[in-house]
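To keep things clear, I will list the structure first and then write my remarks on it.
Note that the coordinates shown come from a computational prediction; the quantities given were computed from them, not determined experimentally.
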Amino acid sequence: MTFLKTRCTLSRPLEPKDYDHLSRLSTVYGIRGLSFQANDLIVEYDASRINEAEVLAHIRGTGVPAEP
């Protein structure tokens with residue numbers, strides 16, 4: 001297992017519905033956790049299960065305004 005983190009910049013403050021959408025990422029195979037620092041979303045993932053492009057695609061799929 002290779003654990004990595006990727007950082008995405010949020011283009012606006014998150015609303016309660018955004019947190020609900022992000023909670024869906026906990027069911028994605030390979031994503032281990034989420035954390036926040038200022039305007040950044042940090043996603044920890046297992047690189048042996050999922051790659052960074054797939055992680056970003058899942059984040060965009062939630063509708064949360066995040067850019068790599």
I would like to know whether Tyr29 and Ile50 meet side chain to side chain contact (heavy atoms under 4.5 Å, CB included); could you show each step before the answer?
-> CA-CA 7 Å; Tyr29 186 65; Ile50 189 171; over 6 Å; no
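- Thr6 and Glu52 form a side-chain donor-acceptor contact under 3.5 Å, judged by distance and modelled atom types alone.
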From CA spacing to verdict: side chain to side chain contact (heavy atoms under 4.5 Å, CB included), Glu67, Arg60 | CA-CA 9 Å; Glu67 294 298 323; Arg60 288 186 180 121; 3.9 Å; yes
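- Interatomic distance, CG of Asn39 versus OG1 of Thr9, reported as 8.0 Å (0.5 Å rounding).
- Closest approach of Leu10 and Val64 over heavy atoms only: CD2-CG1, 3.9 Å.
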Test log, rule side chain to side chain contact (heavy atoms under 4.5 Å, CB included), inputs Asp46 and Leu4 | CA-CA 6 Å; Asp46 181 351; Leu4 298 176; over 6 Å; no
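- With sequence neighbours left out, Ser26 forms a side chain to side chain contact (heavy atoms under 4.5 Å, CB included) with no residue at all.
- Looking at Arg32 and Tyr45, their side chains never bring a donor and an acceptor atom within 3.5 Å of each other.
- No single ILVMFWY cluster, assembled from side-chain heavy atoms under 4.5 Å apart, contains both Phe3 and Ile59.
- Ile42 and Leu56 are assigned to two separate hydrophobic clusters, defined by single-linkage of ILVMFWY side chains at heavy-atom distances under 4.5 Å.
- Atom CZ of Arg49 and atom OG1 of Thr2 lie 10.0 Å apart (nearest 0.5 Å).
- Atom OH of Tyr19 is separated from atom CG of Leu34 by 11.0 Å, given to the nearest 0.5 angstrom.
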Carefully, step by step, assess Val55 and Leu25 under the rule side chain to side chain contact (heavy atoms under 4.5 Å, CB included).
-> CA-CA 9 Å; Val55 170; Leu25 295 177; over 6 Å; no
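- To the nearest 0.5 Å, the span separating CG on Asp18 from NE2 on His21 amounts to 7.0 Å.
- Heavy-atom contacts from other residues, nucleotides or ligands closer than 6.0 Å to CD of Gln37 number 12 or fewer.
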